[in-house]
Peer 1: 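Handing you a structure now.
Computed from heavy atoms alone, side chains included, the values below leave out hydrogens, waters and symmetry copies.
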Amino acid sequence: MKLRRALPIAAVLPALLAISACSGESKDSGNGKPKTSAKSSPGSPSAEEKADAEARRMGAMAPQALEKATLSGTSNGFEIKKVAQADVEAGRDLKADKAECQPLASLAGGFTHLPAVSVEHRSLEPTEAKNATVGSMWLASHSPKNAQKVMTDLRTSVKECPGGFKTLGLTYRAVEPVKAPALGDEALGYRITNVIGKQSVTMTFTVVRKDGVVAVFYGVNMLTPKNSAMPEAIVRAQVEQLG
């Protein structure tokens with residue numbers, strides 16, 4: 001099915017690509033995600049070394065550690081693939097028309113509203129034909145303090161934005177909390193509907209924090225929208241992978 005195949009690839013920015021689905025650096029750390037450079041002067045630290053040092057300073061998980069802790073391959077009925085950087089960047093800096101809705105708008109674009117030290121994005125495509133839920137996940141490494149604030153602000157946003165918001169000419173509506181699995185240090189879930197033209201796409205987000213890592217799982221099920229949440233088994237597998 002063509003739509004089903006397109007969804008996971010576009011999971012980072014659900015509303016902009018087809019009618020489906022497809023995170024930077026903590027405020028503590030200054031100027032956003034560490035930028036890599038092709039060359040470094042002899043004797044000077046590499047971009048990776050700088051990023052690791054910044055992560056240690058903040059008490060965040062280092063980029064290489066985060067990559068190793070992110071699921072890949074096949075797990076619990078899903079094929080997990082790294083998302084191309086160009087697709088990841090497509091959702092950066094989405095701005096909501098209402099300030100209180102910004103945490104929701106940022107997650108809709110594949111980012112946390114507080115920039116992360118490092119982030120890993122993966123697409124999730126079911127390996128079984130009978131499973132119509134597709135989507136993605138991304139892990140954002142923050143300082144513990146910022147990770148807690150991400151969750152607090154997101155809960156507030158869900159409560160204050162039941163009618164939704166607009167961003168880049170896109171309309172998101174009908175924000176409602178849903179039950180989240182009791183995993184990690186805290187977790188929350190919500191469902192939101194994206195309106196594209198005359199068609200509505202219902203998306204379910206499951207967000208889990210473990211220490212300073214915020215793991216976001218996003219799902220779409222075009223056949224049964226209320227079944228669009230990623231199964232608890234895949235969420236649990238990722239949380240356990242974090243150690």
Peer 1: Any sub-3.5 Å donor-acceptor pair from S141's side-chain atoms to M61's backbone N or O?
Peer 2: yes
Peer 1: So, for I234 and S75, which heavy atoms are closest and what is the spacing to 0.1 Å?
Peer 2: CD1-O, 3.4 Å
Peer 1: Where do T167 and Y172 land on the side-chain contact (heavy atoms from CB on, under 4.5 Å) test, with the steps shown first?
Peer 2: CA-CA 8 Å; T167 178; Y172 293 84; 3.7 Å; yes
Peer 1: Atom CZ in R92, atom CD in E89: separation rounded to 0.5 Å?
Peer 2: 4.0 Å
Peer 1: Rounded to the nearest 0.5 Å, how far apart are OG1 of T70 and NZ of K68?
Peer 2: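 The OG1 atom of T70 sits 12.0 Å away from the NZ atom of K68.
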Peer 1: Looking at side-chain heavy atoms only, is the closest gap between E125 and F78 below 4.5 Å?
Peer 2: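 A side-chain contact is absent here, since even the closest heavy-atom pair is not under 4.5 Å.
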Peer 1: Are L170 and V201 connected, step by step, through hydrophobic side chains (Ile, Leu, Val, Met, Phe, Trp, Tyr) whose heavy atoms are closer than 4.5 Å?
Peer 2: yes
Peer 1: Decide yes or no for L139 and V214: does some side-chain heavy atom of the first lie under 4.5 Å from some side-chain heavy atom of the second?
Peer 2: no
Peer 1: Sequence neighbours excluded, which residues qualify as side chain to side chain donor-acceptor pair (under 3.5 Å) partners of N76?
Peer 2: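 Testing N76 for side chain to side chain donor-acceptor pair (under 3.5 Å), a comparison that skips the adjacent residues, returns none.
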Peer 1: Between the side chain of T112 and the main-chain N/O of P115, is any donor-acceptor distance below 3.5 Å?
Peer 2: no
Peer 1: Between Q238 (side chain) and L71 (backbone), is there a donor-acceptor pair under 3.5 Å?
Peer 2: yes
Peer 1: Please enumerate all residues that pass side-chain contact (heavy atoms from CB on, under 4.5 Å) together with K166, with sequence neighbours excluded.
Peer 2: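 So K166 forms a side-chain contact (heavy atoms from CB on, under 4.5 Å) with D97, T171.
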Peer 1: Look only at the side chain of E79 and the backbone of S123, and say whether a donor-acceptor pair between them is shorter than 3.5 Å.
Peer 2: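 Judged by distance alone, no pair lies under 3.5 Å.
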Peer 1: When rounded to the nearest 0.5 angstrom, what distance separates OG1 in T206 from CE in M137?
Peer 2: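 Spacing of OG1 (T206) from CE (M137) equals 12.5 Å.
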Peer 1: Donor-acceptor pairs are to be reported for all side-chain atoms of residues 174-185 against protein atoms at under 3.5 Å, with residues two or more places apart or in another chain.
Peer 2:
{"unit_1": "D185", "atom_1": "OD2", "unit_2": "D211", "atom_2": "N", "d": "2.6"}

Peer 1: Once you measure the plane-to-plane angle for F205 and Y190, does it fall in the parallel (<30°), tilted (30-60°) or perpendicular (>60°) bin?
Peer 2: parallel
Peer 1: Please check if the side chain of S157 supplies one atom and the backbone of E100 the other of a donor-acceptor pair under 3.5 Å.
Peer 2: yes
Peer 1: With respect to H142, which candidate in V213, V117, L114 satisfies the side chain to side chain contact (heavy atoms under 4.5 Å, CB included) definition?
Peer 2: L114
Peer 1: Shortest non-hydrogen contact from S118 to P63?
Peer 2: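 Looking at all heavy atoms of both residues, the closest pair is OG-CA, 3.6 Å.
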Peer 1: Which residues satisfy the side-chain contact (heavy atoms from CB on, under 4.5 Å) test with K95, sequence neighbours excluded?
Peer 2: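 Here the qualifying residues are Q102.
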Peer 1: I would like to know whether W138 and R122 meet side-chain contact (heavy atoms from CB on, under 4.5 Å); could you show each step before the answer?
Peer 2: CA-CA 6 Å; W138 52 95; R122 300 289 185 271; over 6 Å; no
Peer 1: Taking 4.0 angstrom as the limit, do E186 and R155 come out as a salt bridge?
Peer 2: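 Here E186 pairs with R155 in a salt bridge, since their nearest N and O are under 4.0 Å apart.
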Peer 1: Provide the closest heavy-atom pair for G110 versus H121 in the form atom of the first, atom of the second, distance.
Peer 2: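 G110 and H121 have their closest heavy atoms at O-NE2, 2.9 Å.
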Peer 1: For a quick test of reading the model, state the closest non-hydrogen atom pair linking R173 to S200 and the distance between them.
Peer 2: NH2-OG, 3.2 Å
Peer 1: In Å, rounded to the nearest 0.5 Å, how long is the span from CZ of F165 to NZ of K98?
Peer 2: 9.5 Å
Peer 1: Is the backbone N or O of T152 less than 3.5 Å from a side-chain atom of T156, with the two atoms forming a donor-acceptor pair by type?
Peer 2: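 Looks like yes, one N/O pair under 3.5 Å.
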Peer 1: Could you note down all residue pairs passing disulfide (SG to SG under 2.5 Å) where residues 99-141 supplies at least one of them, sequence neighbours left out?
Peer 2: C101-C161
Peer 1: Under 3.5 Å, which donor-acceptor pairs do the side chains of residues 219-233 form with other protein atoms, sequence neighbours left out?
Peer 2:
{"unit_1": "N221", "atom_1": "OD1", "unit_2": "L223", "atom_2": "N", "d": "3.0"}
{"unit_1": "N221", "atom_1": "OD1", "unit_2": "T224", "atom_2": "N", "d": "2.7"}
{"unit_1": "N221", "atom_1": "ND2", "unit_2": "T133", "atom_2": "OG1", "d": "3.1"}
{"unit_1": "S228", "atom_1": "OG", "unit_2": "T204", "atom_2": "OG1", "d": "2.5"}
{"unit_1": "S228", "atom_1": "OG", "unit_2": "P225", "atom_2": "O", "d": "2.8"}
{"unit_1": "E232", "atom_1": "OE2", "unit_2": "R236", "atom_2": "NH2", "d": "2.6"}

Peer 1: Which of these, V88, V216, L94, sits in a side chain to side chain contact (heavy atoms under 4.5 Å, CB included) with F111?
Peer 2: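 One option only clears the test, and that one is V88.
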Peer 1: What do the steps show when you test V207 against L107 for side-chain contact (heavy atoms from CB on, under 4.5 Å), and what is the final call?
Peer 2: CA-CA 10 Å; V207 189; L107 282 199; 3.9 Å; yes
Peer 1: Closer than 4.0 angstrom, basic N to acidic O: yes or no for K82 and E120?
Peer 2: yes
Peer 1: In Å, rounded to the nearest 0.5 Å, how long is the span from CG of N146 to CZ of R209?
Peer 2: 11.5 Å
